[in-house]
Visitor: 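Can you keep this structure in mind? I'll have questions shortly.
Because the structure is a prediction, the values reported are computed rather than measured.
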Amino acid sequence: MAGVRAEQRERTRQVLVERSRELFATRGYADVGLAEIVTTAGVTKGALYHHFPDGKTSLFAAVLGRVQDEVGDAVAAAAGAEPDDWSALLAGCRAFLVSSTAAGVSRIMLVDGPAVLGWARWRELDDAASGRHLLEALEGLVRDGVITARPEPLARLLSGAMNEAALWLADRDGDGADPDLLDQTWTELATLLTGLRR
C-alpha cells in the first residue's frame, strides 16, 4: 500500500510540474495564479503545498530545473555525437541556441527564471546544466592545446553571449525562434568560436 501511495504522490507532483510548465510557458510566471494551476492539474491547493511548500515559487523552481536539465541534455547529446572535441563544442553551442529558443523554453529559462528565483539561484541551476558542459568542453580544448584561454572566464563570456542571443531570438508569443534568424545567429557565433582556435 505504501508503494501505491508513493506512486500517486509522484504522479501528482509530475502533473503539477507538467501543467504549470504549460501555463508558465504560454503566459509567464506573473500571469499564472495558484488557483489556475491546481484547477488545470486537477489537484487541491493542499496537494500543491504538500509537494511545493513555498507554493508557486518552489513549483516554478522545479519547472525551471526540468527545463534547464532538458537544455543541458540536448547540449550533451549533440556534443556527444561528434568525433572530436572541437566539433563537440560547436555542436553543443548550436544545440544550446536551438533548444533554449524552442517554444516556451526561453520565457521560463531566460526571462522568468532570473526574475523569480534571483540571479544567484538561477546561475547555480544554469551552471549545473548546460553551463557545466560548456566549461568541461573548454577545459578539454585548453588541455589539448586547441585553444589558449582561461576556461572559466571564457565559459562565462560565451554563456552570457549565448543567453543574450537566445533572448533576442526568442519569440515572445511562445512559438520559438525564426529559423532564418537562428541560422544567421549561429553563423556569427561559429565565426566567433573559430577565432579562438590556435
Side-chain angles (χ1 to χ4, degrees), residues 18 20-32 60 63-117 119 122-141 146-147 149 151 153-197:
E18 290 165 11
S20 61
R21 177 180 179 167
E22 294 164 6
L23 294 169
F24 294 146
T26 55
R27 298 213 326 271
Y29 178 85
D31 290 338
V32 176
F60 178 80
V63 170
L64 175 61
R66 180 177 288 179
V67 168
Q68 286 189 310
D69 285 346
E70 289 170 5
V71 171
D73 290 347
V75 167
E82 294 299 320
D84 60 73
D85 290 344
W86 180 254
S87 299
L89 174 68
L90 295 177
C93 289
R94 180 165 175 78
F96 177 83
L97 281 180
V98 170
S99 59
S100 65
T101 58
V105 172
S106 61
R107 181 186 300 237
I108 291 170
M109 190 172 87
L110 300 173
V111 176
D112 285 344
V116 173
L117 298 184
W119 179 254
W122 179 85
R123 197 78 201 117
E124 287 174 16
L125 292 170
D126 186 58
D127 284 347
S130 54
R132 173 176 53 89
H133 297 298
L134 178 59
L135 180 59
E136 289 170 358
L138 293 172
E139 287 171 341
L141 290 167
V146 177
I147 61 175
L154 182 57
R156 298 291 179 190
L157 289 166
L158 291 174
S159 179
M162 288 188 287
N163 285 333
E164 181 63 27
L167 274 170
W168 179 68
L169 286 166
D171 178 2
R172 299 294 188 221
D173 294 332
D175 295 333
D178 173 87
D180 292 334
L181 197 52
L182 180 61
D183 286 342
Q184 292 170 24
T185 303
W186 169 245
T187 297
E188 297 307 320
L189 179 58
T191 300
L192 179 71
L193 291 169
T194 300
L196 297 171
R197 290 196 78 166

Visitor: What is the distance from atom CG of L89 to atom OG1 of T194, rounded to the nearest 0.5 Å?
Guide: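 It is 9.0 Å, given to the nearest 0.5 Å.
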
Visitor: Determine the minimum heavy-atom distance between A25 and R107, stating which atoms define it.
Guide: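 Result for this residue pair: O-NE, 3.2 Å.
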
Visitor: At their closest point, which heavy atom of L196 faces which heavy atom of L154, and how far apart are they?
Guide: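 Where L196 meets L154 most closely, the heavy atoms are CD1-CD2, 4.0 Å.
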
Visitor: Sequence neighbours excluded, which residues qualify as side chain to side chain contact (heavy atoms under 4.5 Å, CB included) partners of A74?
Guide: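 So A74 forms a side chain to side chain contact (heavy atoms under 4.5 Å, CB included) with S99.
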
Visitor: Listed by chain and number, what are the salt bridge (Lys or Arg N to Asp or Glu O under 4.0 Å) partners of E22, not counting sequence neighbours?
Guide: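 E22: salt bridge (Lys or Arg N to Asp or Glu O under 4.0 Å) contacts with R19.
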
Visitor: Specify the closest pair of heavy atoms between L97 and M162, including all atoms of both residues, with the distance to one decimal.
Guide: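 Minimum heavy-atom separation between L97 and M162: CD2-O, 3.9 Å.
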
Visitor: Between V75 and S130, which heavy-atom pair has the shortest distance, and what is it?
Guide: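 Closest approach of V75 to S130, heavy atoms only: CG2-CB, 4.2 Å.
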
Visitor: Who pairs with R27 by salt bridge (Lys or Arg N to Asp or Glu O under 4.0 Å), at least two apart in sequence or on another chain?
Guide: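 Partners of R27 under the salt bridge (Lys or Arg N to Asp or Glu O under 4.0 Å) test: E36.
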
Visitor: E139: which residues meet the salt bridge (Lys or Arg N to Asp or Glu O under 4.0 Å) condition with it, sequence neighbours left out?
Guide: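 Result, salt bridge (Lys or Arg N to Asp or Glu O under 4.0 Å) vs E139: none returned.
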
Visitor: Kindly indicate whether the side chain of L125, heavy atoms from C-beta on, has any atom under 4.5 Å from the side chain of L117.
Guide: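 Contact flag for L125/L117 side chains = yes.
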
Visitor: Could you report the tightest heavy-atom contact between L134 and C93, atom names first, then the distance?
Guide: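 Minimum heavy-atom contact is CD1-SG, 4.2 Å.
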
Visitor: Looking only at heavy atoms, which two atoms of A166 and L110 are closest? And how far apart?
Guide: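 Taking A166 first and L110 second, the nearest heavy atoms are CB-CD1, 3.5 Å.
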
Visitor: Among all residues two or more places apart in sequence or in another chain, which pass the side chain to side chain contact (heavy atoms under 4.5 Å, CB included) test with P114?
Guide: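 P114: side chain to side chain contact (heavy atoms under 4.5 Å, CB included) contacts with W119, W122.
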
Visitor: Using the side chain to side chain contact (heavy atoms under 4.5 Å, CB included) criterion, which residues pair with S20? Sequence neighbours excluded.
Guide: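 Testing S20 for side chain to side chain contact (heavy atoms under 4.5 Å, CB included), a comparison that skips the adjacent residues, returns F24, I37, L59, V63.
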
Visitor: Please lay out, stage by stage, how R132 and D127 fare under the test side-chain contact (heavy atoms from CB on, under 4.5 Å).
Guide: CA-CA 5 Å; R132 173 176 53 89; D127 284 347; over 6 Å; no

Visitor: Could you pull out all donor-acceptor pairs under 3.5 Å where a side-chain atom in residues 183-193 meets a protein atom, sequence neighbours excluded?
Guide:
unit_1: D183; atom_1: OD1; unit_2: R94; atom_2: NH2; d: 3.1
unit_1: T185; atom_1: OG1; unit_2: L181; atom_2: O; d: 2.8
unit_1: T187; atom_1: OG1; unit_2: D183; atom_2: O; d: 3.0
unit_1: T191; atom_1: OG1; unit_2: T187; atom_2: O; d: 2.9

Visitor: Checking D126 now: which residues fulfil salt bridge (Lys or Arg N to Asp or Glu O under 4.0 Å) with it, not counting sequence neighbours?
Guide: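 With neighbours one apart ignored, the set is R123.
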
Visitor: Atom OG of S106 and atom CG of N163: how far apart are they, to the nearest 0.5 Å?
Guide: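 The OG atom of S106 sits 11.0 Å away from the CG atom of N163.
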
Visitor: Which pairs pass side-chain hydrogen bond (donor to acceptor under 3.5 Å, both in side chains) with one or both residues in residues 67-85, sequence neighbours excluded?
Guide: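 Only R21-E70, D84-S87 qualify under side-chain hydrogen bond (donor to acceptor under 3.5 Å, both in side chains).
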
Visitor: Evaluate the side-chain proximity of Y29 to V111: yes if any heavy-atom separation is below 4.5 Å, no if none is.
Guide: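 SC-SC contact between V111 and Y29 ruled out.
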
